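Everything quoted here is computed from the prediction, not taken from an experiment. For the numbers below, each heavy atom of this structure counts, side chains included, while hydrogens, waters and symmetry mates do not. Letters A, B, ... mirror the listed sequences (proteins, then strands); counts begin at 1.
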Amino acid sequence: MKYEFARIERKWRDIWASRKTYAARDSGGKPKCYVLIEFPYPSGEGLHVGHARPYTAMDIVARKRRMQGYNVLFPMGFDAFGLPTENYAIKNKLHPADVTEKNIARFTEQLKMLGYSFDWDRVVNTTDPEYYKWTQWIFLKMFEKGLAYKASIPVNWCTSCKCVLANEEVVGGVCERCGSEVVRREKSQWMLKITDYAQRLLDDLDGLDYIERVKTQQRNWIGRSTGAEIVFKTTRGDGLRVFTTRPDTLFGATYMVVSPEHELVKKSADVLENTAEVRDYCESAAKKSDFERTEMAREKTGVRLAGLDAVNPATGWRIPIYISDYVLSTYGAGAIMAVPGHDARDWEFAKKFGLPIVEVVSGGDVEKEAYADCGAGTMVNSDFLNGLSVEAAKAAITKWLAEKGLGEYKVNYKLRDWVFSRQRYWGEPIPIVYCESCGYVAAPESELPVRLPKVESYETTGTGESPLASMGDWVNTTCPSCGGPAARETDTMPQWAGSSWYFLRYADPRNDGELASGEALHRWTPVDWYNGGMEHTTLHLLYSRFWHKFLYDIGVVPTPEPYLKRTSHGMILGEDGQKMSKSRGNVINPGDIVAELGADTLRLYIMFIGDFEKSAPWSTKAVKGCKRFLDRVWNLAEGQPGGGDVYSAAHERAVHRAIKKVGGDIEAMKFNTAIATLMTLVNDFYEAPPSRGDIRALLTLLSPFAPHIAEELWEIQGFGGLACEQPWPEYDDAKTLGGDMEIAVQVGGKLKCAVTVPRDSGEEDVLAAALASDRIAGLAAGKEVARVIYVKNKLINLIIK
RNA sequence: GCCGGUGUGGCGGAACAGGCAGACGCCCGGGACUUAAAAUCCCGUGGGAUAAUAUCCCGUACCGGUUCGAACCCGGUCACCGGCACCA
């Protein structure tokens, strides 16, 4: 009989579906295990072979956990709000909701085709009002707690599309869609105060089992630094606050710089002698696109605030204040004390503008370059700090500042609050109304969800407002607080909103009274193992940790962290080694592979392709090798095994080794070597016929990787039940070892030959065996064995003189 | 510039923890089967010297070190990939 993969795969898919083999049980005594993959954005292109890699990997993990006796939750859903759908819909004059529905149907079909063991009864869809009702609810809770606020901030403005772009829509400084210039523009936006959680997001990383590069990237993104906040007095009498990580260098601060957006500029207009020059500089800085800012980043520019100076509180010097765009308005206090002797940027600026450079830490040559990395230096020219180390000086000056009321110890973060508004149609409406007399008022919970209106045109308006703004009927409403006329918020939430909590909904996806019941959340959360892309590390992964912590604080979820373990997969590249893309024409469609070679072959190959964490190029030839392997398995097991019930010590050892290796490799995500082990096992079975027990073990181990063929052969063999419901096999360590060991024999560290001795032989026996061999006897003849290094069951190294 | 990662055959990649480098697969070569081809099965396959499957030499980006022994540890150099990028 031939291996008819198409028939077999269809058959078992239907059986699993009708039996609900993979449903997560909301009751029962088994320990739970929550295995999660990032739910896809259902794009028009359909399932990509890149999706199959993490999905197959975690499907293998989920299947193994079930076999290990866990009650497994392995769900799937769709993150369906967002720009590509909206743009596609605009272009083709369709409604985004209809496009989404079609895309989800297609994705579902393709995912089912690959035999994933998802619990299909728990599917969530972020665009479903029954779902986004709770996304809105969480937003309202944040609003209630003061974590959602409106602020005027610079946003990306496309000069051609006349609309606001998200950061991720700006590619290389130009609009992703039309290629036109993008400039910054002040706009009032909804913001979420993720910065309130910065320290906890940082601290709690320590206790999590995330791969190291994820932790590092999140730490860098949060960007904690410590130093002091110091207030300088201006000659006008105002206080000018700065943040510095080097308060020890205060005696070397010879001028100050404020960002062009700094309030001091407007506030001091009355005393400025060069108002026009300052205004010009600020205006040109504001007009600069992000692109220009990066391009011109290195060349320092600036204008002095003539007529206004500051006083260095340590030296009493009167020092000038400059305005320059090398100081960012968004970090620290938006102003710095400049210490050109010990900061490369300040040094460059001081040289250009002829400002004094004072050395306060000895060890470098501040006339040649800034001596910035001066941890080993000693303080000089710094009054009471002289002679101290940098570290001691930091402590001393911070204490001094605090005593004098001039400053204090301060922690700063690079992390900024989350811009939560999008002027787009296809997103969750922000459930807020604006009332002239009451301000921003939350929509009452009873009115949730605030639905997206179905309308004719949802194209961008050109004014920078959301398309929703032009829908008078929807916008005009009454104030929930005073009953007067009010207007709905027309901004929608960003793509990241719905995905910030979706894993909670899987626990209880049909609940219409809560986002999920406390009982369900206790049962299933936190997620035990979450795999996803590195590109989400500082976006989705950080955002959802933030939301989860907030929900923990208000008593909705039982744990402060959502995911116990995080791993990440590498990309699948095209056959040419380039990133797969339509324009390059190197896209592999998983559907084609399934049709030609079967889902099991695709699953196997995508796991065999290479190191799971690294990117790997597709190879059409190598896929066939995996098909060949399954053919070999089929030929081995579709009839009665040649070995019958005959016991073979060699096979028993091979099977126990395979159980150990495959199990360990799945846990370590080394799927490629797990499959190599199975291939080796099958090769062994071709050399000497396996017994029924050997076949049984092989099929059990193969079942998570290639579930359809494993199930069919399991049935043919008449083992009873389903292969995927068998207990995961145990191995006996003693049985993985053979009776005799081959010991490598080295002379002076160079391999010469090998001898076979009983396992665990002692040094004398191995040495004797080695010396007895022709090769070593020849080399040692007439010489003395000066030293012997013996590694048990591995090798022996003889030093001969 | 900073942070992180990676450099191993013709190719994808193995090598638990400093102990036989190249598992497994692809490609390629040879053989069996076949009228023939495909498929399948078996054998070979890092480079070089050699009649040789004997033996020897070289070999894990490069240079040096530690060690009985280094792909692995240490110092330095180079290349590539990813992220951040005037963060005070």
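Only the C1' atoms considered, C27(B) is 7 Å distant from C11(B), to the nearest whole Å. Straight-line distance between the C1' atoms of G19(B) and A15(B): roughly 11 Å, to the nearest whole Å. When the P atom is used for both C72(B) and U67(B), the distance is 16 Å, rounded to whole Å. If you take atom C1' in G47(B) and the same atom in U8(B), they sit 14 Å apart, rounded to whole Å. Atom name P, nucleotides G22(B) and G75(B): the rounded distance is 29 Å, in whole Å. The same atom, P, is picked in G29(B) and in A39(B); the two are 13 Å apart, to the nearest Å.
Listed nucleotides C68(B), C20(B), A88(B) differ in distance to Ala744(A); the shortest reach to its side chain belongs to C20(B). Counting only heavy atoms from C-beta on, Gln746(A) has its side chain closest to C20(B) among C20(B), C3(B), U6(B). Picking from C68(B), A15(B), A88(B) the nucleotide with the shortest atom distance to the side chain of Thr673(A) gives A15(B). For Thr680(A), counting side-chain heavy atoms from C-beta on, the closest listed nucleotide (C68(B), C86(B), C24(B)) is C24(B). Listed candidates were C68(B), G19(B), A15(B). Nearest to the side chain of Ile799(A) is C68(B). If you check G12(B), G19(B), C86(B) against the side chain of Phe608(A), the one that comes closest is G12(B). Nearest nucleotide to the Ala622(A) side chain, out of A88(B), C3(B), C26(B): C26(B).
Nucleotide U6(B) holds its C1' atom 14 Å from the CG atom of Leu573(A), rounded to whole Å. Taking atom CE on Met741(A) and atom C1' on G19(B), their separation rounds to 13 Å, with Å as the unit. Separating the OH atom of Tyr686(A) from the P atom of C42(B) is a distance of 8 Å, rounded to the nearest angstrom. Atom-to-atom, NZ of Lys794(A) to P of A15(B) comes out at 13 Å; the value is rounded to the nearest Å. Rounded to whole Å, atom P of A14(B) lies 14 Å from atom CE of Met679(A). Following rounding to the nearest Å, Asn793(A) (CG) and G19(B) (P) show an atom-to-atom distance of 15 Å. To the nearest angstrom, C1' of C81(B) lies 13 Å from CD of Gln217(A). Computed from coordinates, the Glu742(A) CD to C20(B) P distance equals 12 Å when rounded to whole Å.
Not a single donor-acceptor contact under 3.5 angstrom links the side-chain atoms of Lys621(A) to the base of C11(B).
The side chain of Arg628(A) contributes no N or O atom lying less than 4.0 Å from OP1 or OP2 of A39(B). Close to C41(B), at under 4.0 Å from its OP1 or OP2, lies a side-chain N or O of Arg632(A). Using a 4.0 Å cut-off, some side-chain N or O of Asn683(A) falls inside it from OP1 or OP2 of G25(B). Checking the phosphate oxygens (OP1, OP2) of A14(B), a side-chain nitrogen or oxygen of Asn672(A) falls inside 4.0 Å. Using a 4.0 Å cut-off, some side-chain N or O of Lys670(A) falls inside it from OP1 or OP2 of A15(B). For C68(B), the OP1/OP2 oxygens have a side-chain nitrogen or oxygen of Arg787(A) closer than 4.0 Å. Neither OP1 nor OP2 of C24(B) sits under 4.0 Å from any side-chain N or O of Lys661(A).
Ile789(A) comes within 4.0 angstrom of a base, heavy atoms only. Residue Asp611(A) is classed as a sugar-phosphate contact, given heavy-atom separations below 4.0 Å to backbone atoms only. Within the 4.0 angstrom heavy-atom criterion, no nucleotide atom of any strand lies near Ser619(A). At the heavy-atom level, Thr538(A) lies nowhere under 4.0 Å from the strands shown. Residue Asn220(A) is classed as a sugar-phosphate contact, given heavy-atom separations below 4.0 Å to backbone atoms only. Using a 4.0 Å heavy-atom distance criterion, Leu795(A) is classed as a base contact. Within the 4.0 angstrom heavy-atom criterion, only backbone atoms of the sugar-phosphate kind lie near Lys750(A); the bases stay farther away. At the heavy-atom level, Arg219(A) lies nowhere under 4.0 Å from the strands shown.
The residue among Ser225(A) and Leu751(A) whose nearest nucleotide of RNA chain B lies closer to the 5′ end is Leu751(A). Summary of the strand contacts: Lys752(A) and Gly334(A) both lie near RNA chain B, and taking for each the nucleotide with the nearest heavy atom, the more 5' one is attributed to Lys752(A).
In this structure, the side chain of Asn797(A) does not engage the main chain of Ile789(A) through any donor-acceptor pair within 3.5 Å.
Between the side chains of His651(A) and Asp684(A), no donor-acceptor pair of N or O atoms lies under 3.5 Å. Counted by atom type alone, Ser225(A) and Tyr331(A) present one or more donor-acceptor pairs between their side chains at under 3.5 Å. With hydrogens and angles left out, the side-chain atoms of Thr301(A) and Tyr281(A) include a donor and acceptor closer than 3.5 Å.
With both pairing distances under 3.5 Å, A14(B) is matched to nothing as a Watson-Crick or G-U wobble pair. Remark: G19(B) base-pairs with C68(B). Criterion, Watson-Crick or G-U wobble with two distances under 3.5 Å. Pair check for C27(B) finds none; no Watson-Crick or G-U wobble contact set falls under 3.5 Å. Remark: A49(B) base-pairs with U55(B). Criterion, Watson-Crick or G-U wobble with two distances under 3.5 Å. G75(B) and C63(B) make up a base pair, with Watson-Crick or G-U wobble contacts both under 3.5 Å.
Residues Leu798(A) and Tyr790(A) have side chains not in contact (no heavy-atom distance under 4.5 Å, counting atoms from C-beta outward).
For the pair Lys300(A) and Tyr326(A), the distance from NZ or CZ to the six-membered ring centre is under 6.0 Å and the angle to the ring normal is within 45 degrees. Judged by a 6.0 Å distance limit and a 45° cone about the ring axis, Arg632(A) is positioned over the six-membered ring of Tyr686(A).
To the nearest 0.5 Å, atom CD1 of residue Ile799(A) and atom CD of residue Gln746(A) are 8.5 Å apart.
In plain terms, the two heavy atoms of Ala769(A) and Val757(A) that are nearest each other are CB-CG1, 3.9 Å.
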